2 protein chains.
Amino acid sequence: MTDRSIIIIFMSPRSTKQFEEIRENSRAKILDAAFELFARQGFHATSINQIAQQAGVAKGLIYNYFEKKEDLMHAIVLDGLQKSAEVMGTIQQAQPGKDRLRAMLEFTFRFLSEHAEYNRLMAALALQIQAFPELADIVTGKYNAMVPMLEEELTIAGHPYPERHAWMLAAILDGLGVQTAVLGNSLQLERLKQELIEEYCT
Amino acid sequence: MTDRSIIIIFMSPRSTKQFEEIRENSRAKILDAAFELFARQGFHATSINQIAQQAGVAKGLIYNYFEKKEDLMHAIVLDGLQKSAEVMGTIQQAQPGKDRLRAMLEFTFRFLSEHAEYNRLMAALALQIQAFPELADIVTGKYNAMVPMLEEELTIAGHPYPERHAWMLAAILDGLGVQTAVLGNSLQLERLKQELIEEYCT
DNA sequence: ATTATGATTGACCGGTCGGTCATAGTTACG
DNA sequence: CGTAACTATGACCGACCGGTCAATCATAAT
């Protein structure tokens with residue numbers, strides 16, 4: 001058994017790190033293209049050829065990085081969930097109650113306006129979650145975690161009906177997701193945000 | 001030019017009325033199948049062959065009744081919009097203000113639980129409305145009409161912040177649509193309805 | 001039985017789908 | 001330069017897509 005590191009150092013045309021960079025770059029190009037097309041047209045209406053073209057890459061290369069078309073969706077969704085989980089982590093540093101509630105609302109509204117496409121993708125996924133069984137538990141889990149979290153913050157904030165308004169707030173945020181997807185930027189998100197903050201964070 | 005009615009009366013194997021019944025029956029079978037599959041799997045994930053099989057009909061027959069696959073979607077959506085418009089017409093008979101608001105909520109919640117599939121179909125359509133340009137104006141029109149209508153009722157009902165809560169209420173109802181699609185009947189719609197009524201109709 | 005009428009069928013069409021794979025391209029060492 | 005190690009290509013595959021249409025079926029008056 002030869003020492004693999006020596007083989008790599010002495011025989012490989014590029015360093016491991018160089019290959020990793022190349023791979024990461026190609027993978028990102030493919031995921032970006034797939035994300036944009038899935039969000040705009042939906043999963044089934046988007047073909048692998050389209051993704052390859054948009055990414056500026058040959059079709060076959062996609063299958064060097066992802067086994068099936070479905071795996072593109074998985075990677076996109078999991079990436080997004082992880083990023084939003086990171087943000088939620090930083091939000092936990094805010095003072096519980098009205099401050100944290102405000103931070104959540106600020107984040108959600110910024111997300112709605114800056115990442116409308118991801119929002120649309122997730123909404124479409126939610127409606128067809130049974131077609132992506134490997135994502136089903138994760139997504140429904142996030143859904144179910146939302147209401148109790150809001151209820152706790154409302155309680156701390158001293159809201160008179162924390163239970164009732166927790167699910168209302170959750171439904172409002174989901175509904176805004178759909179409405180931005182349908183009506184686009186004709187929705188005055190900034191104004192709505194201020195009114196929600198006034199209603200729940202003052 | 002021969003008299004066409006005489007030709008029909010004396011030469012046709014079946015009366016005009018019989019033919020109409022046959023056509024209406026077949027059309028309904030096809031639309032029912034298409035509706036169920038579109039709602040469950042989405043438009044692009046559903047093939048004409050599948051629809052034909054589910055309807056118990058040959059593929060070719062579908063094209064006697066509808067020019068393109070898209071037209072099936074159009075017919076389904078327009079049928080649904082018309083039915084809901086009829087219900088909304090009867091709701092207008094209720095006393096403006098809290099009574100009418102309650103009637104709207106009762107209808108919406110009954111619709112959510114009894115026609116969850118149609119709700120899911122419409123939500124999915126809303127997210128991809130640009131793929132059905134002929135429906136875009138109609139659907140966005142319904143969307144835009146919702147908030148002012150709620151605002152008027154809230155005003156009459158004497159709500160302190162009718163404008164703010166009109167869009168909140170609209171968002172809540174949209175959000176519940178998504179949530180029922182994702183979480184199914186684990187959502188306790190009846191309880192949520194009672195709480196909304198208590199919040200806005202008492 | 002024949003006929004006219006319109007509903008119904010399913011083999012068939014060109015095209016596109018997701019996915020494969022033999023081949024080519026790129027680079028850095030010996 | 002030749003070779004090793006890996007990325008990248010696109011022609012190609014069988015399956016299935018939406019859509020067509022000549023042929024068949026069912027009926028009821030003659």
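Worth saying up front: this structure is predicted, and the values here are computed from it rather than measured. Within every chain, numbering begins at 1; the chains are lettered A, B, ... in the order of the sequence lines, protein sequences first and strands thereafter.
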Under 4.0 angstrom, heavy atoms only, what part of the nucleic acid is [X] near: base, sugar-phosphate, or nothing?
X	answer
B:Phe66	nothing
B:Lys69	sugar-phosphate
B:Asn49	sugar-phosphate
A:Ile48	sugar-phosphate

Give the table of side-chain donor-acceptor pairs shorter than 3.5 Å for residues 55-64 of chain A, with sequence neighbours excluded, one pair per line with atom names and distance.
none

To the nearest Å, give me how far apart [atom1] ([X]) and [atom2] ([N]) are.
X	N	atom1	atom2	result
B:Ile62	D:dT20	CD1	P	13 Å
A:Asn25	D:dC6	CG	P	19 Å
B:Phe43	D:dC17	CZ	C1'	12 Å
B:Ile51	D:dC16	CD1	C1'	15 Å
A:Gln53	C:dC17	CD	C1'	15 Å
A:Glu21	C:dT27	CD	C1'	14 Å
B:Glu20	C:dA7	CD	C1'	14 Å
A:Glu24	D:dC6	CD	C1'	17 Å

Practice item. Answer yes or no: does atom CD of B:Gln82 have more than 12 heavy-atom neighbours from other residues, nucleotides or ligands under 6.0 Å? Key: no

Measure from the side-chain heavy atoms of [X] and tell me the nearest of [options].
X	options	result
A:Ile22	D:dG18, C:dT9, D:dA8	D:dA8
B:Leu61	D:dT7, C:dT8, D:dG19	C:dT8
A:Lys59	C:dG18, C:dT9, D:dG19	C:dG18
B:Ala58	C:dT9, D:dG18, C:dG18	C:dT9
A:Asn64	D:dT7, C:dA7, D:dA8	D:dA8
A:Tyr63	D:dA28, C:dT20, D:dC17	C:dT20

Under 4.0 Å between a side-chain N or O of [X] and OP1 or OP2 of [N]?
X	N	answer
A:Tyr65	D:dT7	no
B:Gln18	D:dA28	yes
A:Ser26	D:dT7	no
A:Arg23	D:dT7	yes
A:Ser47	C:dC17	yes

Point to revise | Lys/Arg N to Asp/Glu carboxylate O, B:Glu190 vs B:Lys193, below 4.0 Å | key: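 Yes, B:Glu190 and B:Lys193 are salt-bridged.
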
Practice item. Please determine, by modelled atom types, if A:Trp167 and B:Glu195 share a side-chain donor-acceptor pair under 3.5 angstrom. Key: yes

Exercise for review: Determine yes or no for a side-chain-to-main-chain donor-acceptor pair under 3.5 angstrom, with B:Gln130 supplying the side chain and A:Arg40 the backbone.
Suggested key: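 Present.
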
Check your understanding: Are B:Arg164 and B:Tyr161 in a cation-pi setup, meaning NZ or CZ lies under 6.0 angstrom from the ring centre and within 45 degrees of the ring axis?
Key -> yes

Check your understanding: So is B:Lys98 actually on top of B:Tyr200's ring, under 6.0 Å and inside 45° of the axis?
Key ->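 Because its charged atom misses either the 6.0 Å distance or the 45° angle limit, B:Lys98 does not stack over B:Tyr200.
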
Check your understanding: Any idea how B:Phe111 and B:Tyr118 line up, ring-wise: parallel (<30°), tilted (30 to 60°), or perpendicular (>60°)?
Key ->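 Because their plane-to-plane angle is over 60°, the rings of B:Phe111 and B:Tyr118 count as perpendicular.
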
Check your understanding: Between B:His74 and B:Phe132, how do the two ring planes meet: parallel, tilted or perpendicular, split at 30° and 60°?
Key ->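 Perpendicular.
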
Exercise for review: Classify the side chain of A:Lys68 and the base of C:dG19 as holding, or not holding, a donor-acceptor pair under 3.5 Å.
Suggested key: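 Between C:dG19 and A:Lys68, which were checked side chain against base, a qualifying N/O pair under 3.5 Å is absent.
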
Review point. How large an angle, rounded to 10°, do the end axes of the helix from C:dA1-D:dT30 to C:dG30-D:dC1 enclose when each is built from five base pairs?
Key: 30°

